[in-house]
Each structure stands twice: as structure tokens, then as C-alpha cells.
Amino acid sequence: MFRFSQRGAIEYLEIEELSELDFLTHAFCTRRGGVSTGPYESLNLGFLAGDRAEDVRRNRILVEEAFGIPNGQLILMRQVHGDRIRVLDGDEPLPEGLPECDGLISDRPGVALAVKTADCVPLFFVDRARRIIGAAHAGWRGTARGIATAMVEILAGRFSSRREDLVAVIGPAIGPCCYQVDVPVFSAFSGRPGADRFLHPCKELGRWMADLALANRLQIREAGVPSENIFSAGLCTACRQDLFFSHRAGGGHAGRQINLLMLKRGG
Ligand SMILES: [Zn+2]
């Protein structure tokens, strides 16, 4: 079950099924509790034209402090709507700057994996038995490329995760109420299992309403994670601009909220 919580001024969403794992810290942050102003009010983590870089840096520090993330160990990505996944394991130095990828997987305590979103789907994966975590960014392109499947396959292949040990959580994203798509998106999914369930034709020709959360749920299920281990927040970022940034609803002028997942140190 999802619930809203607060640390410092930061309001975030958490889910009981992950909160009860004492080795884990996680949060789907809302836009509330930061210092940015205007359309970026207030917890914007994206360095975007229009917001002050110093405010974004301050927001990052607020997040690190609120969730006890060691200095320099909040790993953000240069998200490119692809399906590349970076694995942070062993003693390999942490990436400097932003790794160009849309998924992160790690077994390292004290390293926070972060996904920035403003409509796209944030995905968390947790191997409860082996204590491995993954976070991914799935817009329509990443979803069509199968990033959720790729996350499960790396966990199973490289970390020997058993699929029944995996918990997958789908965070707040633009919902089928608000996410109208056109032919290129429809074509990218045509022939995919369940496409008729997550793409519904509009009255207008050549337009569909897309449910990206459901598309990812089906993909994760298809990859072998039991349905009872897959959870979806069911909150629409475009409907709830009071809580979340939405690229669509904000007319392109929207900040980026942060979704983060970390193995605790000494846990
Ligand atoms: Zn909506």
C-alpha cells in the first residue's frame, strides 16, 4: 500500500512493501519541499533553462540530507530515453558526472539510485533475498525498447536474482486519463503483447490514450516477476500538478521530481 510521508519539508510517496525492508531507503518524491520558484516550484532536480542552478543544487542537498545519502553518492543519470543500464557493483569507482543511461542497478550500500521524471514512469526493482536494487526511467521509447525487461534480465543473469524474489514498483506517471499519443507511439507498440490493453483509440483518428504504467506492469510480468510482487502508484502526474511536475500539463515548462532507492549502510 502506498502512503504519503514527509522528511524535513520534503513530501514523498512510499510503499509499505518496500518500507518494511529494513535494509532499504526509498522515496517517490513529490515536487514539494524544495527552494525553486515559478513553474519549477519547488523540489526541481533538473538543470533546466529557466530554473536557477543554485536552487537545483540546493534541492539536491536537501534530498541528500533528508534521506541520509552520503556526500557524492546520489547517482543521477543523463536520461536519454534508451534502454542502456549501468551496473554499479564491486569496488568500481562511482561514475563522475552523469552516466548516460536510463537504468541503474547496484548492490552497494550507501549508493542512492535516482530517476528524474515529469510524466515518464519511474521503476524500482528490489531483490529482497540478495539485496540488489535497480531504478529505471521508462518513457514511451524506453518502454517500447523493453527497459523493464532488460532490468529483470540483468538482475537474473548477472546477480542470479530469482524472479520470485523481485519486487517491482511503478511510481507516479502520466496516466491513461491524460496521455494522448499519435501514430509513431502506436507503431512502436504494435504487435506487443497486451498492446490492446494499454493503448485505447480516441474518437479522433490516429490518436490513442496510452497507459505506460500498465505497459510496464505487463512487461515485468512477462519477464517472470509474479503479479503479486508488482505494485503501481496509480497517481497521474498531469492530473496532480499540485503534487508532481508534468511535462505535458506544464506545456513543456516543468521541473523534474526525483525518485530514489538506496541500500542502507550497515544494514
Ligand atoms: Zn491524468
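One-based numbering, in listed order, for ligands and for the atoms of each.
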Problem set entry | Single-linkage hydrophobic cluster, 4.5 Å side-chain cutoff, Phe124 and Ile258 together |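 Each belongs to a different hydrophobic cluster.
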Exercise. Within a strict 4.5 Å, meaning less than it, do heavy atoms of the Leu98 and Met77 side chains meet?
Worked result: no
For this session: Test Leu45 against every option in Gln257, Arg57, Arg60 by the side-chain contact (heavy atoms from CB on, under 4.5 Å) rule and name the one that passes.
Result: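 For Leu45, the side-chain contact (heavy atoms from CB on, under 4.5 Å) test succeeds with only one of Gln257, Arg57, Arg60, which is Arg60.
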For this session: Just jot down the side-chain contact (heavy atoms from CB on, under 4.5 Å) partners of Ala49, sequence neighbours excluded, or say none.
Result: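 Applying side-chain contact (heavy atoms from CB on, under 4.5 Å) to Ala49 gives none.
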For this session: Apply ring pair (Phe, Tyr, Trp, His ring centres under 6.0 Å) to Phe67 and list each qualifying residue two or more places apart in sequence or on a separate chain.
Result: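 By the ring pair (Phe, Tyr, Trp, His ring centres under 6.0 Å) rule, Phe67 matches Tyr12.
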For this session: For Phe125, enumerate each residue passing the ring pair (Phe, Tyr, Trp, His ring centres under 6.0 Å) test, keeping only those at least two apart in sequence or located in another chain.
Result: none
Exercise. Excluding waters, which protein N, O or S atoms are within less than 2.8 Å of the Zn ion (ligand 1)?
Worked result: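 Under 2.8 Å from the Zn ion (ligand 1) - ignoring waters, which are not counted - the protein N, O or S atoms are Cys177 SG, Cys178 SG, Cys236 SG, Cys239 SG.
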